[in-house]
Amino acid sequence: MLKASNIFTLLKTSEELLTLHNIKEAKLDAEVLLCSILNIKRSKLFTMRSDTLTQIQLKQYQKYLERRSNREPLAYILGKTEFMGLEFNVNSNVLIPRQETELLVEEVNNQIKINNYKEILDMCTGSGCIAISVAYEKDVLVTAADISKEAIDIAVGNSRINKVSSKIEFLISNMFDNIKDKKFDIIISNPPYITREEFKTLEEELLFEPKNALVAEDDGLFFYNKIAEKSKEYLNNNGIIVLELNSNISQKIVELFEIYGFIKIKIIKDYANLDRVLVLKNG
Ligand code: GLN
């Protein structure tokens, strides 16, 4: 049980508690959770070191720390996260947007600017982070699809928070099943791509995320395969496909798309120098 004390001491105790549970960023997490309860920016904490919490705040903080100690990701505890500088609500029905995926969005935004693309499809939209941040930056029309109704509910909410709901059509669809006869300039996807083997080695935090948003059969290729099969039907002649990659199977993914007649334009590496984004065009 946390003892009532000033914020300085409280943070020290909380950091120790989280460290004991092998939380890597214990200090940061203890601070971020406390800030969300106090509804303040982190920079303000420093000036409040000798303040105390109310009983209710203390109880809430205790709960948050317990959840984090159980390795629940910060974003689920807070119910939100940041992506491309925008706010996204998240819960355990959607994958938490990753920093690497921002590389994909930046590439998509560049391509829209260069080629004046208009019609975008975001397959496996999850929280809607890709569709929404592209619609926020660019004058485009986006179709965003996901198999999960719960995910689409979150994504619709996020499109409203970020004031782009008029630019996005959300669809519950098992891959292309409910996408009408329509051609797109860009087909985007960050599909589930973790292999069954890789899943066994993931850190505990990822086990809180929806397994069907992470894992793909056929050694990680299942959804790439679906996209490769269908994209010819849905892509304009001068259109492109932009995909997030499982870096361990990036070569196989490129080969798969080549079989279906697509040509690799480029692969973009992430901060860890791993293959992360693949751009393809019609052959
Ligand atoms: N498109 C979402 C994201 O990039 C969800 C991806 C997924 O569920 N596989 O975060």
Side-chain angles (χ1 to χ4, degrees), residues 73-76 79-109 120-137 140 142-159 161-162 164 168-176 179 184 186-196 198-199 202 205-218 220-227 241-249 253 268 270 274-279:
L74 209 56
Y76 288 154
K80 61 182 180 185
T81 192
E82 230 185 66
F83 180 81
M84 294 298 291
L86 302 175
E87 196 169 293
F88 288 87
N89 285 338
V90 291
N91 64 23
S92 56
N93 290 310
V94 295
L95 200 79
I96 299 166
R98 301 294 202 272
Q99 224 187 346
E100 290 81 358
T101 308
E102 297 190 337
L103 295 170
L104 179 151
V105 172
E106 278 160 13
E107 175 62 20
V108 167
N109 285 346
I120 318 288
L121 174 64
D122 176 28
M123 191 51 84
C124 313
T125 198
S127 64
C129 61
I130 297 173
I132 290 164
S133 35
V134 171
Y136 187 86
E137 280 295 324
V140 288
V142 187
T143 300
D146 201 283
I147 192 170
S148 155
K149 179 188 181 301
E150 289 77 16
I152 290 293
D153 287 345
I154 295 273
V156 168
N158 282 329
S159 74
I161 294 173
N162 290 296
V164 291
I168 310 178
E169 182 186 9
F170 288 99
L171 290 175
I172 301 169
S173 178
N174 183 1
M175 298 308 281
F176 291 83
I179 313 291
F184 296 92
I186 314 184
I187 296 175
I188 309 172
S189 190
N190 174 20
Y193 58 57
I194 293 173
T195 68
R196 276 169 178 254
E198 289 166 344
F199 187 72
L202 296 181
E205 273 81 352
L206 274 91
L207 305 181
F208 284 85
E209 298 191 84
K211 193 173 175 190
N212 67 349
L214 289 169
V215 179
E217 296 301 319
D218 303 337
L221 289 173
F222 183 85
F223 295 98
Y224 293 112
N225 205 12
K226 292 266 176 217
I227 297 166
I241 303 173
V242 184
L243 302 168
E244 184 161 319
L245 290 173
N246 174 340
S247 58
N248 294 325
I249 52 169
I253 298 165
I268 299 163
D270 67 15
L274 300 171
D275 291 349
R276 191 54 65 203
V277 179
L278 170 64
V279 187

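Worth knowing before you read on, the calculation uses all heavy atoms, side chains too, and leaves out hydrogens, waters and symmetry mates. Atoms within each ligand, like the ligands themselves, are counted from 1 in listed order. Sequential numbering from 1 along the given sequence is applied to the chain's residues. Fair warning: this is a prediction, and the values are worked out from it, not measured in the lab.
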Check: of Ser189, Pro191, Cys129, min heavy-atom distance to atom 10 (O) of ligand 1 comes from Cys129
Proximal atoms of ligand 1 relative to Thr101 (non-hydrogen, under 4.0 Å)
4 (O)
Going by side-chain hydrogen bond (donor to acceptor under 3.5 Å, both in side chains), name the residues that satisfy it together with Asp218, two or more places apart in sequence or in a different chain.
none
Pairing donors with acceptors under 3.5 angstrom, does anything connect the side chains of Glu198 and Asn246?
yes
Closest protein heavy atom (residue, atom, distance) for atom 5 (C) of ligand 1
Cys124 O, 3.5 Å
Residue, atom name and distance, where the atom is the protein heavy atom closest to atom 8 (O) of ligand 1:
Ala213 CB, 3.4 Å
For atom 6 (C) of ligand 1, which of Asn190, Ile130, Leu104, Val94 has the closest heavy atom?
Asn190
Pairing of Glu244 and Arg98 as salt bridge, 4.0 angstrom limit
no
Please identify each residue that fulfils side chain to side chain contact (heavy atoms under 4.5 Å, CB included) with Ile152, with sequence neighbours left out.
Thr125, Asp146, Val156, Phe170, Ile172
Ranked by distance from atom 2 (C) of ligand 1, the top protein heavy atom is Thr125 O, 3.3 Å
If you draw a 6.0 Å radius around CZ in Phe208, do more than 12 non-hydrogen atoms from other residues or ligands fall strictly inside?
yes
